[in-house]
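Every chain is numbered from 1, with letters handed out A, B, ... down the list of sequences.
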Protein chains: 2
Amino acid sequence: MSYKFDESQPIYLQLIEIFKTYIANGAWKAGEKIESVRNLALDFAVNPNTVQRALVELENIGLAYSQRTTGRFITQNQEKINNLKHEMAENKTRDFVIQMQAIDIEQREILDLVQRCLDSEEITNQQENH
Amino acid sequence: MSYKFDESQPIYLQLIEIFKTYIANGAWKAGEKIESVRNLALDFAVNPNTVQRALVELENIGLAYSQRTTGRFITQNQEKINNLKHEMAENKTRDFVIQMQAIDIEQREILDLVQRCLDSEEITNQQENH
DNA sequence: ATCATTGTATTAAGTGATTAATACAATAAT
DNA sequence: ATTATTGTATTAATCACTTAATACAATGAT
């Protein structure tokens, strides 16, 4: 696995975002057991304490739960996962729009840029499928 | 002025982003003198050293220059400012699209979310104009 | 000429994130 | 029963960011 972290932000915050992304996109499914703290630490090449800190946050927001010696699991509440996905999507969209308006990009231009970016990504994906 | 900083990221990096935004949206115009390090530090309620660090970075990327005791100025190269704006817009768009695809949002849904967000922002702006 | 303001530099201290090295308790596997 | 693995907790050390308190040199304003 491995991962390139952004040096400008604490790793545990980036891990939270990564784990939430895994849950939102279905890589980690409802009720599924996730890797142990120690294995995740090996995968991401960070200290187990740093992984632990991120996972505790996942529990605090109800996305995971741990059984002392059995392991850690994703919430079995599928609706909670659906909500997570929708909230992440809306938050990211709002942040994006606010940032674009802050640098004085017009509405039509914002939509055009997104459309153009999606088109170029699509071509990339097609190439990868060959 | 004042500002609420994100605790998850170094302030000097956030200042760089803020200053670049000022240049991109025209709040700080080409050739214009900008406030002194000490005044900016007061405005943003941070240490002068932190402002200095951000401004040095602005110089390193050619967006500003300083005259030892006269003050600091925005680049007089308007094209460089135009390029900054375009690059910021494209980078933010690419980051946004990649993040949305990471949480498995379809292309049409991405565009719909942006459109819906723009619509709601527009209503807000209209209300503010009364 | 004098003084205030400018960018710049230096040193020290404090804070938070991270790593490191352990240790403990509970359960599953053997 | 024994062993390995699990989440969890603790303590110390390191590093980067930030603040703080200065100081210096050059220029504009008076």
Next on the checklist: Tell me the interatomic distance from B:Leu42, atom CG, to D:dT19, atom C1', rounded to whole angstroms.
Outcome noted: 14 Å
Item to check | Short side-chain N/O contact from A:Thr50 to OP1 or OP2 of C:dT19, under 4.0 Å | outcome: yes
Checklist entry - Starting at CG of A:Leu55 and ending at C1' of D:dT6, how long is that distance when rounded to a whole Å? => result 13 Å
Checklist entry - Quick one: B:Asp6 CG to C:dA17 P, roughly how many Å, whole number? => result 12 Å
Checklist outcome for this item: The residue, A:Thr70 or A:Leu13, whose nearest nucleotide of DNA chain C is more 5′ is A:Leu13
Next on the checklist: I need the OH-P distance between A:Tyr65 and D:dG7, as an integer number of Å.
Outcome noted: 13 Å
Item to check | Whole-Å distance separating the CG atom of A:Leu58 from the P atom of D:dG7 | outcome: 13 Å
Item to check | Listed nucleotide nearest any side-chain atom of B:Arg68, set D:dA26, D:dA21, C:dT6 | outcome: D:dA26
Checklist entry - Judged by atom type as modelled, is there a donor-acceptor pair below 3.5 Å linking the side chain of B:Thr75 to the main-chain atoms of B:Asn77? => result yes
Next on the checklist: Using heavy-atom distances to pick each residue's nearest nucleotide on DNA chain D, tell me which of A:Glu7 and A:Thr69 is more 5'.
Outcome noted: A:Thr69
Item to check | Short side-chain N/O contact from B:Ser66 to OP1 or OP2 of C:dT8, under 4.0 Å | outcome: yes
Checklist entry - For the side chain of A:Gln52, counting heavy atoms from C-beta on, which of C:dT19, D:dT19, D:dG7 is nearest? => result D:dG7
Next on the checklist: Using a heavy-atom cut-off of 4.0 Å across all strands, would you classify B:Arg53 as base, sugar-phosphate, or nothing?
Outcome noted: sugar-phosphate
Checklist entry - Of all the nucleotides listed (D:dT19, D:dG7, D:dA23), which has the minimum atom distance to the side chain of B:Val46? => result D:dT19
Checklist entry - Taking CD from A:Gln67 and P from C:dA25, how many angstroms apart are they, rounded to a whole number? => result 20 Å
Checklist entry - Side chains of B:Phe73 and B:Ile34: closer than 4.5 Å at any heavy-atom pair? => result no
Next on the checklist: Need one value for B:Arg72: base, sugar-phosphate or nothing, where a base atom within 4.0 Å counts as base even if backbone is also close, heavy atoms only.
Outcome noted: sugar-phosphate
Next on the checklist: I'd like to check A:Gln76 versus A:Tyr65 (side-chain heavy atoms, cut-off strictly below 4.5 Å). Are they in contact?
Outcome noted: yes
Checklist outcome for this item: Side-chain atoms of A:Asn47 come closest, of C:dT8, C:dA20, D:dT8, to C:dA20
Checklist entry - Taking the side chain of A:Pro10 as heavy atoms from C-beta outward, which of C:dA9, C:dA17, D:dT8 is closest to it? => result C:dA17
Checklist entry - C:dA17 C1' sits how many Å from B:Gln9 CD, rounded? => result 15 Å
Checklist entry - Side chain of B:Asn49: nearest nucleotide among D:dG7, C:dA9, D:dT6? => result C:dA9
Checklist entry - Should B:Leu84 and B:Met88 count as side-chain neighbours, where that means a heavy-atom distance under 4.5 Å? => result yes
Checklist entry - Got a donor-acceptor contact below 3.5 angstrom from the A:Gln14 side chain to the A:Gln9 backbone? => result yes
Next on the checklist: Could you tell me how far apart A:Phe5 (CZ) and D:dA16 (P) are, to the nearest whole angstrom?
Outcome noted: 18 Å
